[in-house]
Protein chains: 2
Amino acid sequence: MSLPHAILTALLEKPSSGLELTRRFDRSIGYFWSATHQQIYRELGRLEAEGHIRALPTEQPARGQKKSYEVLPAGRAELQRWTAAAQDPRPHRDTLLLRMRAAAVVGTEGIEADLRRHLTLHQRQLAEYEEIEKRDFPPGRDSAQDRLRHLVLRAGIDLETFWTQWLAHALEEFAELPGAEDG
Amino acid sequence: MSLPHAILTALLEKPSSGLELTRRFDRSIGYFWSATHQQIYRELGRLEAEGHIRALPTEQPARGQKKSYEVLPAGRAELQRWTAAAQDPRPHRDTLLLRMRAAAVVGTEGIEADLRRHLTLHQRQLAEYEEIEKRDFPPGRDSAQDRLRHLVLRAGIDLETFWTQWLAHALEEFAELPGAEDG
DNA sequence: AGGCTTTGTGCAACTAGTTGCACAACCATG
DNA sequence: CATGGTTGTGCAACTAGTTGCACAAAGCCT
């Protein structure tokens with residue numbers, strides 16, 4: 001149950017409409033909590049019904065008209081509660097590692113190309129994060145907010161670094177592998 | 001759609017009953033693809049209906065009686081197909097990073113204790129992986145299968161290492177943080 | 001004016017994963 | 001031999017996330 005809290009956080013950072021939220025989920029927030037616009041609109045409806053957010057008053061909030069939301073005190077309180085509450089880490093699910101393990105049994109035929117593709121994707125993502133770091137966290141700015149946000153970005157950078165290295169290593173191993181590994 | 005393939009892999013490594021599979025998911029496989037016994041039984045039923053696996057013949061396969069499954073050729077072919085097929089990385093969702101970002105907005109009150117708890121959990125997991133590595137991958141054994149499996153375990157070790165370091169770093173930052181960070 | 005694309009909101013149906021519980025068989029033990 | 005725990009299988013209901021599509025409004029192009 002984290003999507004509503006992701007939305008509350010985003011709205012506290014800046015009141016937004018559904019589409020604006022969607023864009024921000026595609027950029028920064030989605031790096032560790034992705035969501036489609038359909039999910040977001042549905043959740044905005046629920047949050048409004050619960051009194052956690054409200055639509056900013058506009059002229060004519062009809063279908064096809066932009067509608068912005070802001071967080072109400074109850075929403076902020078809920079987010080605060082949720083943030084402080086103990087939570088067990090949710091189980092990871094990683095398809096690529098699963099496929100590697102399957103490849104150990106049914107053979108590596110065909111997987112190598114996809115590893116290379118993933119390597120490229122992770123390199124690209126890493127470059128993007130490093131760009132953001134350079135732009136948004138120049139040395140010197142170190143308010144509490146900046147430090148926390150930088151910490152989160154560092155996690156993203158280090159995770160992407162890990163994946164690029166692991167994939168590169170995996171591809172090296174593949175190069176050394178004997179031809180037939182079925183069975 | 002990866003659970004059936006996780007099960008096929010596990011069954012190819014060794015034919016098993018539902019409960020045995022559940023145990024193996026709790027141990028090794030679950031480290032990158034977790035599943036409950038309910039999920040597993042449901043999926044075993046589907047895989048059997050599709051002709052990908054079959055129950056090993058036993059005396060009386062009644063309710064409460066152990067029932068083992070093995071993979072049929074069709075199942076192996078499907079796993080092979082799936083392993084080789086290109087797949088986009090699925091979006092990550094990490095609650096802890098989300099909470100950190102929320103904390104930057106609503107304050108860090110209370111989250112520190114949970115960071116410490118997570119640090120302990122990750123340290124424990126890391127120790128467990130390293131134990132497995134020492135036991136199952138002594139230097140010298142390097143068949144294709146061993147190399148691939150070792151690669152997967154290395155991913156686990158490196159990820160846990162990353163998290164312990166990141167959490168330790170985060171806790172250091174917290175120690176230096178000014179008292180009031182709300183707003 | 002007519003159609004064509006972009007922006008923006010949203011419903012409906014489906015798939016995957018979680019939670020809670022039921023129940024049979026087996027095994028120990030007082 | 002009853003009772004109580006453990007092993008093992010499984011259904012049902014729910015929650016979260018995905019996919020596909022509908023449709024309104026506004027701007028652009030000819």
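Chain letters run A, B, ... following the sequence lines, proteins first and then strands; every chain starts at 1. The figures that follow rest on heavy atoms only: side chains count, while hydrogens, waters and symmetry mates do not.
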Tell me: [atom1] of [X] to [atom2] of [N], nearest whole Å?
X: B:Asp88; N: D:dT18; atom1: CG; atom2: C1'; result: 14 Å
X: A:Ile7; N: D:dA16; atom1: CD1; atom2: P; result: 13 Å
X: B:Glu20; N: D:dT6; atom1: CD; atom2: P; result: 19 Å
X: A:Lys67; N: D:dA24; atom1: NZ; atom2: C1'; result: 13 Å
X: A:His92; N: C:dG17; atom1: NE2; atom2: C1'; result: 17 Å
X: A:Tyr69; N: C:dT9; atom1: OH; atom2: P; result: 8 Å

Side-chain donor-acceptor pairs under 3.5 Å in residues 121-132 of chain B, sequence neighbours left out?
{"residue": "B:His122", "atom": "ND1", "partner": "B:Glu160", "partner atom": "OE1", "Å": "2.6"}
{"residue": "B:Glu128", "atom": "OE2", "partner": "B:Tyr31", "partner atom": "OH", "Å": "2.5"}

Answer yes or no: is there a side-chain heavy-atom contact under 4.5 Å between [X] and [Y]?
X: B:His37; Y: B:Phe25; value: no
X: A:Ser17; Y: A:Tyr69; value: no
X: B:Leu44; Y: B:Leu21; value: yes
X: A:Asp94; Y: B:Trp33; value: no

Under 4.0 Å: is that the gap between some side-chain N or O of A:Arg23 and OP1 or OP2 of C:dG8?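 Yes, such a contact exists.
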Whether B:Phe162 and B:Trp166 hold their rings parallel, tilted or perpendicular, with breakpoints at 30° and 60°: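 Ring orientation, 0 to 90° scale: tilted.
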Reckon A:Ser17 touches a base, only the sugar-phosphate, or nothing at all at heavy-atom distances under 4.0 Å?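 Sugar-phosphate only.
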What residues from residues 33-49 of chain B pass a heavy-atom cutoff of under 4.0 Å to DNA chain C?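 Going residue by residue through residues 33-49 of chain B, the ones with a heavy atom under 4.0 Å of DNA chain C turn out to be B:Trp33, B:Thr36, B:Gln38, B:Gln39, B:Arg42.
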How do B:Pro91 and B:Leu19 order along DNA chain D: which one's closest nucleotide is nearer the 5' end?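 Whichever sits nearer the 5' end wins; that is B:Leu19.
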